[in-house]
Amino acid sequence: MSYFTDLALQYIDGQWCQGSGSWDVIDFDPYNDAKLAAITVATAEEVDRAYRAAERHQRDWAKTNPYTRRQVFERAIRIIEDNEQEIGEALVAETGGTRLKAEIEIHQTKEFLRETVHLALRAEGRIVPSPVDGKENRVLRVPVGVVGVVTPYHFPFLLSLKTIAPALALGNAVVLKPHQNSPVCGGSLVAKVLEDAGLPPGLLNVVISDTAEIGDTFISHPVPKVIAFTGSEPVGRQVATVAASHFKRAVLEMGGNSAFIVLDDADLDYAVDAAVFSRFVHQGQVCMSANRIIVDREICKAFNDKFVAKVETLKVGDPRDPDTQIGPLINAVQAEKVNSLVERTVAEGATALVRGTKQGNLISPSILTDLPDGSAALREEILGPVALVIPVDGEDEAVRVANDTPYGLGGAVHTGNIDRGLRVAHLIETGMVHINDTTVADEPIVPFGGEKNSGLGRLNGEQTVDAFTTTKWISIQHDRSGFPF
């Protein structure tokens, strides 16, 4: 099967079909601009068909024994394992990620699916006491019904499946809208895997479209009760606003500006290795990437020397080459945005320890330091291979600088003293902090999500059960109640 020809379609009510919009999404290879596919966009009418199909089929699915539901995801794991090479090649072609990044993404996808198998059984109820004699209170966890899911381009296969698979396993139906830059790996391919795994038709629908065609219909449609969104802060704000105005629950994972703190007692060689991975994996196009590397001034020169030396060894080029560590950014707009940010920040007075260059969508790494106070680069999410090194005087200033951002997704603290690391970690205003490790981490049963402008709610493990189910109170009066009239 050629994924980019056979799966360049909408998937609605169990049928592969063309959209009926007036224009096409063109799916390009970010490295060489080769055209991978053209997909005619779905219209608002097709979004409606997808949601209505999901609503119709969900009722019977919710009644299905969860032991039966989970078999779908057991089979999905085997299908992915049998097709790993082809899926990896598709991820490299569509996202510009390196072979290593594709391997990481596929591995993580299987791990999350293994957790999904268990999640199918976790919508547990409980019996709680009542002050009324003879009364039994049952509090149940039931599916919300239909979930609308919007996913990004950077880890499309993983981030689609880690969201929709648990929602389905818990008895819901899903309509998925993947990012325009990854419509196959984040949408059609996901549907194909689950279709082949035996998911009944209509429970998962994929609509490939854009707000230019459908406006806010995907969010405002009356059927979905929960909207799960992963993407940029500006779009997330719009999703949150529209969802709230229609009394829908929103689970939002948005941007990040993670701080990677290196205290004066850190293992420098190890910290450098972790910082390089944290900043440059997938060209820095990861919400958890370490934008700001905050280093105690006493060790900053030694850190910089080692950091620069390591970064200068990174190979930039064709992501199909197994030796490549830095591939292209997702598109020309993003490449130009990152290149302009470097030029602007240097013009403001920053020092370039390493100055990257732009060739098409390839941007080689930059390391900037001595940024002036108030530089916009310090407070925004940088989705590209640009590291900002910020010297500080002691851990108190490190915490202040780390918190000087509107975002609060992740972070890391490197130190030779775990208690000290814990003290600093508690003071960082983020949803996740990792001591003596990378900022880029996601595990199936650990709560994932951010504070401040980085999002609302959590996913993974029990938090996923909370996100995609609702509580229902059923009481039983075993005796007879007395009434005052």
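Because the structure is predicted, anything quoted here is derived from the model rather than measured.
At a threshold of 4.5 Å between non-hydrogen side-chain atoms, the residues Glu233 and Tyr407 count as touching. No side-chain heavy atom of Thr109 sits less than 4.5 Å from a side-chain heavy atom of Phe112. Proximity of Gln285 to Ile330: side-chain heavy atoms (C-beta onward) are separated by under 4.5 Å at one or more points. Inter-residue side-chain proximity for Thr439 and Leu409 is flagged as unmet; no heavy-atom pair is nearer than 4.5 Å. Side-chain atoms of Pro143 and Phe468, non-hydrogen and from C-beta on, never get closer than 4.5 Å to each other. Asp404 places a side-chain heavy atom less than 4.5 Å from the side chain of Arg379. Residues Asn460 and Pro444 have side chains not in contact (no heavy-atom distance under 4.5 Å, counting atoms from C-beta outward). At a threshold of 4.5 Å between non-hydrogen side-chain atoms, the residues Val150 and Leu176 do not count as touching.
Note on Lys162 versus Glu111: no salt bridge recorded, every NZ/NE/NH1/NH2 to OD/OE distance being 4.0 Å or above. The residues Asp13 and Arg56 are annotated as salt-bridged, a charged nitrogen and a carboxylate oxygen being separated by less than 4.0 angstrom. Look at Asp29 and Arg320 and you find a salt bridge, because one of the NZ, NE, NH1 or NH2 atoms lies within 4.0 Å of a carboxylate O, short of that distance. A salt bridge links Glu81 to Arg114: one of the charged nitrogens lies within less than 4.0 Å of a carboxylate oxygen. At a threshold of 4.0 Å, the pair Arg141-Asp466 counts as salt-bridged, since one of the basic side-chain nitrogens sits closer than that to a carboxylate oxygen. Glu84 and Lys110 are joined by a salt bridge, as a carboxylate oxygen and a charged side-chain nitrogen come within less than 4.0 angstrom of each other.
A side-chain donor from one of Asn181 and Asn331 sits under 3.5 Å from a side-chain acceptor of the other. At a cut-off of 3.5 Å, with distance as the only test, no side-chain donor of Thr230 or Thr151 sits close to an acceptor on the other residue. Counting only N and O atoms by type, the side chains of Glu136 and Ser475 include no donor and acceptor under 3.5 Å apart.
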Carefully, step by step, assess Asn291 and Arg279 under the rule side chain to side chain donor-acceptor pair (under 3.5 Å).
CA-CA 6 Å; Asn291 278 15; Arg279 177 59 259 179; 2.5 Å; yes
Please lay out, stage by stage, how Glu115 and Arg122 fare under the test side chain to side chain contact (heavy atoms under 4.5 Å, CB included).
CA-CA 11 Å; Glu115 172 61 12; Arg122 287 204 196 152; 2.8 Å; yes
Just do the salt bridge (charged side-chain N to carboxylate O under 4.0 Å, His left out) check on Arg78 and Asp82 with the steps written out, would you?
CA-CA 6 Å; Arg78 293 195 293 271; Asp82 290 343; over 6 Å; no
Run the side chain to side chain donor-acceptor pair (under 3.5 Å) test on Thr40 and Asp24 for me, step by step, so that the C-alpha distance in whole Å, both residues' side-chain angles and the decisive distance to 0.1 Å come before the verdict.
CA-CA 4 Å; Thr40 303; Asp24 291 348; 2.8 Å; yes
What verdict does the side chain to side chain contact (heavy atoms under 4.5 Å, CB included) test give for Asn205 and Val174, after you've listed the backbone C-alpha separation in whole Å, the side-chain angles of each residue and the deciding distance to 0.1 Å?
CA-CA 6 Å; Asn205 301 267; Val174 173; over 6 Å; no
Please test Phe229 against Glu253 for side chain to side chain contact (heavy atoms under 4.5 Å, CB included), starting from the C-alpha separation and ending with a verdict.
CA-CA 6 Å; Phe229 168 84; Glu253 196 279 283; over 6 Å; no
Verdict with supporting geometry, Thr98 and Thr324, side chain to side chain donor-acceptor pair (under 3.5 Å)
CA-CA 7 Å; Thr98 62; Thr324 295; over 6 Å; no
Carefully, step by step, assess Gln238 and Asp216 under the rule side chain to side chain donor-acceptor pair (under 3.5 Å).
CA-CA 9 Å; Gln238 176 68 5; Asp216 290 331; 3.0 Å; yes
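One finds the CG atom of Asp210 at 4.0 Å from the CD atom of Gln180 (value rounded to the nearest 0.5 Å). Put simply, CG on Leu456 and CD on Glu451 are 9.0 Å apart, with the number rounded to the nearest 0.5 Å. Interatomic distance, His246 NE2 to Ser220 OG, rounded to the nearest 0.5 Å: 4.5 Å. A distance of 9.5 Å separates CG of Leu199 from CZ of Arg75, quoted to the nearest 0.5 Å.
For the side chain to side chain contact (heavy atoms under 4.5 Å, CB included) criterion with Gln334, the lone passing option out of Ile363, Asn339, Leu329 is Leu329. Exactly one of Val286, Thr95, Val92 qualifies for a side chain to side chain contact (heavy atoms under 4.5 Å, CB included) with Lys101. That residue is Thr95.
Classified by interplanar angle (parallel below 30°, tilted 30° to 60°, perpendicular above 60°), the ring pair Phe155/His282 is perpendicular. Ring orientation note: the planes of Trp16 and Tyr11 are tilted relative to one another, at an angle of 30° to 60°.
Taking both residues in full, the closest heavy atoms of Ile428 and Val413 are given as CD1-CG2, 3.8 Å, listed atom of the first, atom of the second, then distance. Summarising the geometry of Phe260 relative to Ala275, their closest heavy-atom pair is CZ-N, 3.5 Å, with the distance given to 0.1 Å. Taking every heavy atom of both residues into account, Gly186 and Ser160 meet most closely at O-OG, 2.7 Å. The minimum heavy-atom distance between Ala387 and Phe280, with the atom names listed, is CB-CZ, 4.0 Å. The shortest non-hydrogen separation linking Pro30 to Asn361 is O-ND2, 2.9 Å. Annotation for Ile39 and Ala8: closest pair CG1-CB, 3.7 Å, computed over non-hydrogen atoms.
Within a 6.0 Å radius of CG in Asn137, more than 12 heavy atoms belonging to other residues, nucleotides or ligands are found. No more than 12 heavy atoms of other residues, nucleotides or ligands lie within 6.0 Å of CD in Glu45, so this atom counts as exposed by the packing criterion. Atom CD of Gln71 sits in a crowded spot, with more than 12 heavy atoms from other residues, nucleotides or ligands closer than 6.0 Å. Under a cut-off of 6.0 angstrom, the local environment of CG in Leu422 is crowded, with over 12 non-hydrogen atoms contributed by other residues, nucleotides or ligands.
Using modelled atom types, no side-chain atom of Asn172 and backbone atom of Ala169 make a donor-acceptor pair closer than 3.5 Å. Put simply, the side chain of Ser209 never gets that close to the backbone of Thr43: no donor and acceptor are under 3.5 Å apart. In this structure, the side chain of Arg49 does not engage the main chain of Ile12 through any donor-acceptor pair within 3.5 Å. The backbone N or O of Cys17 sits nowhere less than 3.5 Å from a side-chain atom of Gln10 that would complete a donor-acceptor pair. Side chain of Tyr51 to backbone of Phe218: a donor-acceptor contact under 3.5 angstrom is found. With hydrogens and angles disregarded, a donor-acceptor distance shorter than 3.5 Å links the side chain of Asn403 to the backbone of Glu429. Side-chain atoms of Ser245 come within 3.5 Å of backbone N or O of Val242 as a donor-acceptor pair. Judged by distance alone, the side chain of Ser481 and the main-chain N or O of Gln477 form no donor-acceptor pair under 3.5 Å. In terms of modelled atom types and a separation under 3.5 Å, the side chain of Glu105 and the main chain of Leu158 share a donor-acceptor contact. Judged by distance alone, with hydrogens and angles left aside, the side-chain atoms of Arg99 form no donor-acceptor pair with the main-chain N or O of Gly88 at under 3.5 Å.
Residues meeting the side chain to side chain contact (heavy atoms under 4.5 Å, CB included) test with Lys225, sequence neighbours left out: Val144.
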